[in-house]
Each structure stands twice: as C-alpha cells, then as structure tokens.
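Notes for the one structure printed next.
In what follows, chains are A, B, ... by sequence order, proteins preceding strands, each numbered from 1. FYI, side chains are in, hydrogens and waters are out, and symmetry mates aren't considered; it's all heavy atoms of this structure.
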Amino acid sequence: MILNSTPVRTSKSFKINDIEIEDVDVKIQKFDGLKVSGDIEKFSISNDVKKLPLVYGIGKKLENQVYNNANQNINITFEGKEDKDFYLEFNFDDENDALVGNIEINAKENSKATIIIKYISDGMKEHYNNSILKVCANEFSEINVVIVNMLNNKSNNFLSIENTLHKKSHINYTVVDFGGKASISNYYSNLIGQEAKSNINTIYLGTQEQLFDINYIAELKGEKSNVNIEVQGALNDSAKKNFKGTIDFKKGCKKSVGNENEFCMLLSDKARSKGLPMLLCTEEDVEGNHSSAAGKVDRDMVFYIMSRGFSYKETMKLIVKAKFNNIIEGIKDEIIKEEILNEIDKRI
Amino acid sequence: MKNTIKEINRNVYDFKNEDRYDFKIQKGLNREIIEEISKQKNEPDWMTEIRLKALEIYNDLELPTWGPDLSELDMDDIATYVRPKTKLNNNWEDVPEDIKNTFDRLGIPEAEKKSLSGVGAQYDSEVVYHSIKEELVNQGVIYTDMETAVREYPDIVKQHFMKCVPINDHKFVALHTAVWSGGSFVYVPKGIKVDIPLQSYFRLNSPESGQFEHTLIIVEEGASLHFIEGCSAPKYNKVNLHAGCVELYVKEKAYLRYSTIENWSKNMLNLNTKKAIVEKDGQIDWVSGSFGSKISMLYPMSILNGEGSKTEYTGISFAGENQNLDTGFKVIHNAPNTSSVVNSKSLSKNGGTCTYRALTQINANAKNSKCSVSCESLMLDDISKSDTIPVNDIRTDDVEFSHEAKIGKISDKTIFYLMSRGISEEDAKAMIVRGFAYPISKELPVEYAVEMNNLINLELEGSIG
C-alpha cells in the first residue's frame, strides 16, 4: 500500500512523498474492547456518523475500509462552556484484535470539552487499528483532544484526523505516539474561520524496528488564524521516523501566523530520522516559521547525570522524559501522565 | 500614493543579434541528430558512444513528477546545436563584430582587464573566445573549452566526464549528455593557488534553440580556485532551453568557490545540474544568484566524500511576473567530521513563484558531522507565491543538524520604525530589501555585487498606497 502522501510532491529520489508498506491482511469482527468514561452525561453520544470523503487522509483504501466496515461508529456532541472530560479507551486483546473506527466530535458554538482517546494492547499479539477521527469546532468553541497510542510493537496503527475550525474556535491536540510496528498518522486542520487556532503537540518514541510516518497538514484560510505544530521524538535501536509537516497559508488568511518545530533525539546509530517541514504561501501578510533539528543526547548532560550514580539506561530514560515533559504536562489527567512515564521506562 | 518595487531591468540583457550561424542542426532529438552533432564536432568515437547511450537513457526516463510544469517543453521545437560564424579565438579583435559587441555590452572584456585571470565566452553552442593569463599557464593551470579538452586531455576527461553526475541522474542530465556542446575545462595542479577568478560567460542568441554547455573543473590537492559563471539570453516568443551540467572535483585540502549569476531571459527553461565531489579536508563554496528564466529547476549538490570536508551554499532567487524559480541545495555528508552551512534567500513579486527545495542527507558513516540550514523568503505583494520544501535524512546519531525557515512580508513595524527616524516609506522599504539581500551580495566579487543590486533594482518611485 502506498500511504500518507504529502500535499506537494518533491523529488522521488528523496523517498519521502509517501510511505509504502505491505498490505495488512485483517479479519474485521466485532470490537468489544471499548470502555467509555468521564462526564458521560454531559455529552450526547450516538452511532450517527457521516461518511464524507477525507480531504487528505492516509489513503483511499483504508478510508474505504472505515466507511464500509467500521466496527465502531461514534458521534460525540457537546455544548456548554463548563469543563468536561470524555474518555474513549480501546483495549486490544486476543478477542478484540482489530478496530476499524469512525469517530466524530462535534463542538457546538461556545462550548468546551476534553476528549481522551487511548489505544492499548494487552499481550503481544498483532493488533490492528484503522480509525478516522473528524473534529468540528464551531464558533467560539474549544476542544482539547488527547490521543495516546500504546499499542504493542507488533501492531499496525493507522489514524486519519480531520479538523474543521470555525471563527474563534480552538483545537488543541496532545498526541502520544509510542506503539505499532508501523504507526502511520495523517492530521489535517482546515482553519476556515477568522482567528481560529490549532495547536498540535506530539511526542513519539521509537524502539526496535518501529516505523513512524507522521504527516501533518494545516491550511490557514481565515484572517488572523494561528497554527502551532510541536513535535518531539526519540528514536532508539533501528527505529525509523518520517515527519512531514505542512503549513499552507492560503490567499486571504491575512495576519495569520504558523509555527512548526520538530526535534528528534537519536539514541542509537542505527536509528533513522527523515523530515520534510514545508511552508507554502500565497498570502503576503503572514508570518511562517519552521525549525527542525536532530542529534544525539548531549554528552556532558549524560556524564553529569551518570556521575550522580545513575546507569546509562536510567540516564537515557531521564533525559527522554525531561525532553517530553513540556508536552506531557499539557495533559490534565495525572493517571494518564503516570502511564505515559511508565511506558517510556518500559520501552527504553 | 502608490508604492512599487520594480522588477529587474532587463534592457542590458534583452538585446538580440540577427540569428547568423555557420551551422544549425535540425530541430528535434533522435539518433541521426546526435550522430550529426558528433560529426560536426569531429569527436572521437568514445564520446559519440556516450552520447548515443545517453539518448537511450533520455528516452527511457520520465519527466519529473514534481516541481514546475514543464509541459510546454517540446524537444521537436528545439535546435540542440547552433555553431556561430566564428572559430575559437584568443583575441577579442578576432571575434566577429556582432558577437564581440554582445560581450562588450555585457561588460566581459572590461571585467577581464580589471579583475579576472581568464575568460571563456560561449555564444550559442560553441565557445568563441578563451584566454588565460600567461603566469597561470606556466604554473600548469589549464583553462580551455571542453572540445579542446576532449581532444587534448582525453584521459583526464574520460576519467571525470559524467562520473560526478551520472548520466541517469535525471532526464535532463541524459539530454545534456546526448547533445552537450561548449563549456569550460579547468585543471588546477597540486598546490597552485589561483588568486584571481576565472570566468565563463554563456550567451544564447539563437531563437528556438538550446544551450547545453559542460563545465568540468578539477582542483588538485592543496590547490584553490574561484570560478565565476554568468549567463543571459534575449527574450523570444517561444521557449529556449538551457540544460547545462557542471562537474566539480575538489581534491584533498583543495578549495573551490563557484559563483553564478544567472539571468536568462523570461522565455528560458533553465534545467541545469551542478555537482561537486569533495575529498578529505577539501571545501566547496557555492554562491548563486538566480534572477532570470521562465522556469528554473536548479539544485547544486555537494557530496562530502572526504573526512573533514566542508561546503557552504549562499543563494538568492528573485522571481517576478510569469517566473517560477524552483531552486535550492543538496548535500550528502558521506564521511566523518564533515560540515555544511546553507543560507538561502528568496524574493517573489508580481505573481512570481519562488520555491526553496533541498536535501540534507547525513549518512551512517558521517560521524561527528554538522549541518546548519537557514532559509528566508520575502513576499513583496499578495499575488506572488513562496514555498519552502526541504528534506532532511539523518542516518546516524552522532550529528548536529538544524534547519530553520521563515516566510513573510516586509515588517510594518520595521517600516514604521525607520519612518519615525525621518526616512521615507520608499527608502525604508528599499533599505529593508537591500539588507535582506546583503548576506548574499557580500559574498560576491564587488563587480557582481553591484550587478546583483542593479538586478534587484529596487525603485520605489512615486507614490504610496
């Protein structure tokens, strides 16, 4: 399968325009591993989801699989400004090994909520997640979305996200991308409203032979809109990562600002990091910045921590956790934070 | 009040001579045409074979599936070889009047007297003038046209020709190899420092034709050289094609600075390829100004093969109306302790498109390597376009890699600040744009920095609003 194409092509020889992986043979059955919790009564839940084509998405084949064979269709709608949380926990095990999910989140005007979505593997059997998440932020609404991928390293994780942001709406994402033999994610934000704001903060941790292909696209159309993309990652063993980030200033998005920052910490000389941070601009009165960096852990820092009695492995764990801390701190739920920190310990 | 930033004044370059030639090959591209070019050039068989092999590769390769639209390029409408009505001369007085006048107007003989140690001048498909200072010849420096090099230094040419840039690199490299003509050959022997630059100037006068010059430079161990190339053409209604190729070999502890001021006419498709291989502790610095052409696809490349080798790229592009300049830089770190510094700027105006496209690849063996990339794009109006498309591919942990890019317009705050100091809005904008371009212009020889400033030709006349 050829997946996750960039919105603008560059030379084929750079091998980053798309990712090719082997077809995944999966038997889709009922998925009973969903646990829902939080302030459920403050949300309106149904199975009524639309099947509108994605503007980008990971790929048509996977999109069609969701629209034709989803075993979880969930529509979450909310209103009101008071703080409220909604948890969707997808637990994969031997019985529930394949999720094909279609989730829609609809924030009504002037509303606010936090949605936490977790994908967790129990056991080391190969699991499969192919999900679409569509988020619509109506005027003056604010949505915080936390996505935690803690699938095992034998699994395949495909996630297509599409956000529509209306006037003065905010969508803030915190993405923790740790699991999957292949974890392919596509995130598209369509900022059509004036002063709409989209933040995405991502941490990824690659170990063993894991492959991450992350494709973030933000199109700024409304005046004074704002996009911030912050990606922090660490790669150990022979893990590979492709990060493709596009900030596209469309004509008319005057006084808009887009920032993109990516840093990849290389913990092994076999790890491989590829990046394509793009700025596309057809509007004069904007400000776009991107920066990306990669390198190994600072030797002086390692020496200092080890001189305090920590082993090399413990030192690496501390440094990775410290690097990820800014983003992890954005999650309110202390239990989830603890789970993420434990997962880092487990994986390094 | 209206504020305008004018585009490049092209009058200096747009004059055209009558299309007089000694021989012009029929339009199109096939085996017979290639054989005829080879015959006209009286080439050895080995070169004819390379050309024919390249034609096969050209036919097999696809057009790029990315970048600017090249659909208007029709090889059946391009004459790939035009021999001017003169032989190679080493005295300007022997060059026919119309061709000599062309280079006079471009200031080449004057520059030769003032600030160059050698000059090559190509008119259409052949080099018409070549000179080099006597003392360099005595030191063993060779600076001649490529045809002479093929005849007189076949072993060196065979060893290096299309080895740095493989024929199958892309479709236009294959095309170049099949129909190449003219260009420069420079050989700087071990330890020789060429303190004053050499310059080759490429002028395409003939309509519906192409220029495919080949530049091959070898700087031996411990030697150094500054090479400058300039290019221009008058504007015609149909497209012209430039698909040159530059191969640079920088040996151990050698240094090469390669400066280019490209100012092709706005009917030119400029699909040029430039690569350098750098050995241990060697250094290649590129200075590049791209102002002309309808479409440019130009990405000079440094391959840092030797431990401790270095490269710097300093480039500026200015795209105006109907121009699509897709430029950038590629570097491969292929040895330990290598380093690269990239500094790119672009300006787009009047509906012009500037794209910075790049590759930084740090291989697994390039331990302790460092790379720093900075690119800035300035939009001078709201009908233009500016894109930044850089790829980084890091294959080892022991590196320091950083990339930063900015895109935007001239800051209102900065204009306000300057105006509050009594500077007019026009002058304030002029100062800001010149300041933006300064890091690039300061890297050029003085004469070229002045030319670049003229090219940018910022004129804020009249009125604002």
Side-chain angles (χ1 to χ4, degrees), chain A residues 6 8-17 235-236 240-244 246-249 251-252 254-299, chain B residues 62 64-67 169-170 297 299 326 328 330 348-349 353-362 364-365 367-368 370-375 377-412:
Chain A
T6 51
V8 171
R9 315 291 286 173
T10 191
S11 173
K12 268 203 283 193
S13 63
F14 299 166
K15 295 185 178 144
I16 196 164
N17 289 322
L235 296 176
N236 204 1
K240 292 188 177 71
K241 174 274 309 179
N242 300 325
F243 171 72
K244 304 174 268 196
T246 307
I247 295 181
D248 190 353
F249 294 96
K251 198 155 185 57
K254 289 187 185 306
K255 310 262 181 239
S256 291
V257 178
N259 291 304
E260 183 179 345
N261 179 34
E262 192 228 343
F263 180 75
C264 179
M265 207 183 325
L266 296 155
L267 308 177
S268 148
D269 64 357
K270 291 191 180 70
R272 185 165 171 186
S273 164
K274 265 191 179 186
L276 172 53
M278 287 196 272
L279 286 174
L280 311 177
C281 187
T282 45
E283 173 57 57
E284 171 204 19
D285 191 4
V286 297
E287 192 186 316
N289 301 292
H290 73 216
S291 63
S292 68
K296 72 189 299 185
V297 177
D298 181 63
R299 279 176 206 163
Chain B
E62 287 178 346
T65 51
W66 48 275
D169 204 35
H170 58 79
M297 292 177 80
Y299 323 98
D326 199 300
K330 297 189 281 186
S348 6
K349 160 159 179 60
T353 298
C354 266
T355 301
Y356 173 76
R357 193 183 300 273
L359 170 71
T360 301
Q361 183 178 314
I362 303 181
N365 60 343
K367 303 281 177 208
N368 194 32
K370 293 179 176 65
C371 172
S372 165
V373 182
S374 164
C375 52
S377 307
L378 198 55
M379 303 267 288
L380 296 177
D381 57 37
D382 60 0
I383 54 170
S384 301
K385 193 167 186 279
S386 183
D387 294 342
T388 307
I389 309 176
V391 173
N392 53 71
D393 184 352
I394 315 297
R395 304 178 184 191
T396 179
D397 60 338
D398 193 4
V399 293
E400 283 176 32
F401 164 78
S402 69
H403 173 107
E404 58 177 32
K406 284 184 201 165
I407 211 159
K409 66 166 198 168
I410 297 177
S411 154
D412 291 339

Give, for atom [atom1] of [X] and atom [atom2] of [Y], the distance between the pair rounded to the nearest 0.5 Å.
{"X": "A:Ser13", "Y": "B:Lys330", "atom1": "OG", "atom2": "NZ", "result": "6.0 Å"}
{"X": "B:Thr396", "Y": "A:Lys296", "atom1": "OG1", "atom2": "NZ", "result": "7.5 Å"}
{"X": "A:Leu235", "Y": "B:Ile394", "atom1": "CG", "atom2": "CD1", "result": "11.5 Å"}
{"X": "B:Asn365", "Y": "A:Asp269", "atom1": "CG", "atom2": "CG", "result": "11.5 Å"}

Interface residue of largest heavy-atom contact number with chain B, from [options], under 4.5 Å:
{"options": "A:Glu260, A:Lys274, A:Arg272", "answer": "A:Arg272"}
{"options": "A:Lys251, A:Glu287, A:Lys240", "answer": "A:Lys251"}
{"options": "A:Leu266, A:Asn259, A:Leu279", "answer": "A:Leu279"}
{"options": "A:Cys264, A:Ala293, A:Cys281", "answer": "A:Cys281"}
{"options": "A:Thr282, A:Asn289, A:Val286, A:Thr10", "answer": "A:Thr10"}

Partner chain A: residue of B:His170, B:His403, B:Glu404 with the largest heavy-atom pair count (under 4.5 Å)
B:His403
[X] versus chain B, heavy atoms under 4.5 Å apart: side chain, backbone, both or neither?
{"X": "A:Ala294", "value": "both"}
{"X": "A:Ser11", "value": "both"}
{"X": "A:Ile16", "value": "side chain"}
{"X": "A:Lys244", "value": "neither"}
{"X": "A:Phe249", "value": "side chain"}
{"X": "A:Lys15", "value": "neither"}

Within the distance-only criterion (no hydrogens, no angle test), does the side chain of B:Asn392 pair as donor or acceptor with the backbone N or O of A:Gly275 below 3.5 angstrom?
yes
Test item: B:Asp397 side-chain N/O and A:Gly295 main-chain N/O as donor-acceptor pair under 3.5 Å:
no
Does any heavy atom of chain A fall under 4.5 Å from the side chain of [X], the backbone, both, or neither of them?
{"X": "B:Asp412", "value": "side chain"}
{"X": "B:Asp393", "value": "both"}
{"X": "B:Arg357", "value": "side chain"}
{"X": "B:Ser384", "value": "backbone"}

Should we count [atom1] of [X] as having more than 12 external heavy atoms under 6.0 Å?
{"X": "A:Lys12", "atom1": "NZ", "answer": "no"}
{"X": "A:Lys270", "atom1": "NZ", "answer": "no"}
{"X": "B:Lys406", "atom1": "NZ", "answer": "no"}

Determine whether A:Glu284 and B:Leu380 satisfy the following criterion, side chain to side chain contact (heavy atoms under 4.5 Å, CB included), listing intermediate values before the conclusion.
CA-CA 7 Å; A:Glu284 171 204 19; B:Leu380 296 177; 6.0 Å; no
Start with the C-alpha distance between B:Met379 and A:Asp285, add both sets of side-chain angles, then the distance that settles side chain to side chain contact (heavy atoms under 4.5 Å, CB included), and finish with yes or no.
CA-CA 8 Å; B:Met379 303 267 288; A:Asp285 191 4; over 6 Å; no
Could you walk me through whether B:Trp66 and A:Asn17 pass the side chain to side chain contact (heavy atoms under 4.5 Å, CB included) check?
CA-CA 10 Å; B:Trp66 48 275; A:Asn17 289 322; 5.7 Å; no
Minimum-distance pair of heavy atoms, taken over all atoms of B:Pro390 and A:Pro277
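Nearest heavy atoms, B:Pro390 then A:Pro277: CD-O, 3.1 Å.
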Heavy-atom closest contact (B:Phe401 atom, A:Ser292 atom, distance)
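So the minimum-distance heavy-atom pair works out to CE2-OG, 3.7 Å.
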For A:Val8 and B:Asp387: C-alpha separation, side-chain torsions, deciding distance, then whether side chain to side chain contact (heavy atoms under 4.5 Å, CB included) applies.
CA-CA 10 Å; A:Val8 171; B:Asp387 294 342; 5.6 Å; no
